[in-house]
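Here's the structure, in structure tokens; my notes come after.
In this chain, residues are counted from 1 in sequence order. All values derive from a computational prediction rather than experimental measurement.
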Amino acid sequence: MKQVWQGHHITYEDGRKHPPAEWIVDVTKGEHFLITQLQRFKSLSEGAKAAILYELSRMQTRKTKEDK
């Protein structure tokens, strides 16, 4: 199956997220879904943060659409 890439706003030009500058990164459709779900949480427990950071530290970085 072909990988679908999307742009994800980390910050917005209007300052909705800080700093007030636009920052868009390329992510896969599935990654975009997960990031969006995570952003819906207003807070996380220390345990959740530790578990998420641990899993992220173990994962390899995949090539972006430009790297292929």
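The closest side-chain heavy-atom distance from His32 to Gln37 is not below 4.5 Å. At least one side-chain heavy atom of Leu38 sits under 4.5 Å from a side-chain heavy atom of Leu44. The closest side-chain heavy-atom distance from Arg62 to Thr28 is below 4.5 Å.
To the nearest 0.5 Å, atom CD1 of residue Ile24 and atom OG1 of residue Thr11 are 8.5 Å apart. If you take CE on Met59 and OH on Tyr54, they are separated by 11.0 Å, rounding to the nearest 0.5 Å. For the atom pair CZ (Phe33) and CD (Gln6), the distance works out to 11.5 Å, reported to the nearest 0.5 Å.
Taking hydrophobic clusters as Ile, Leu, Val, Met, Phe, Trp and Tyr residues chained together by side-chain heavy-atom distances below 4.5 Å, Ile35 shares a cluster with Val25.
A donor-acceptor contact closer than 3.5 angstrom is absent between the side chains of Gln39 and Thr36.
When the shell of 6.0 Å around CD of Glu55 is examined, it contains more than 12 heavy atoms from other residues, nucleotides or ligands.
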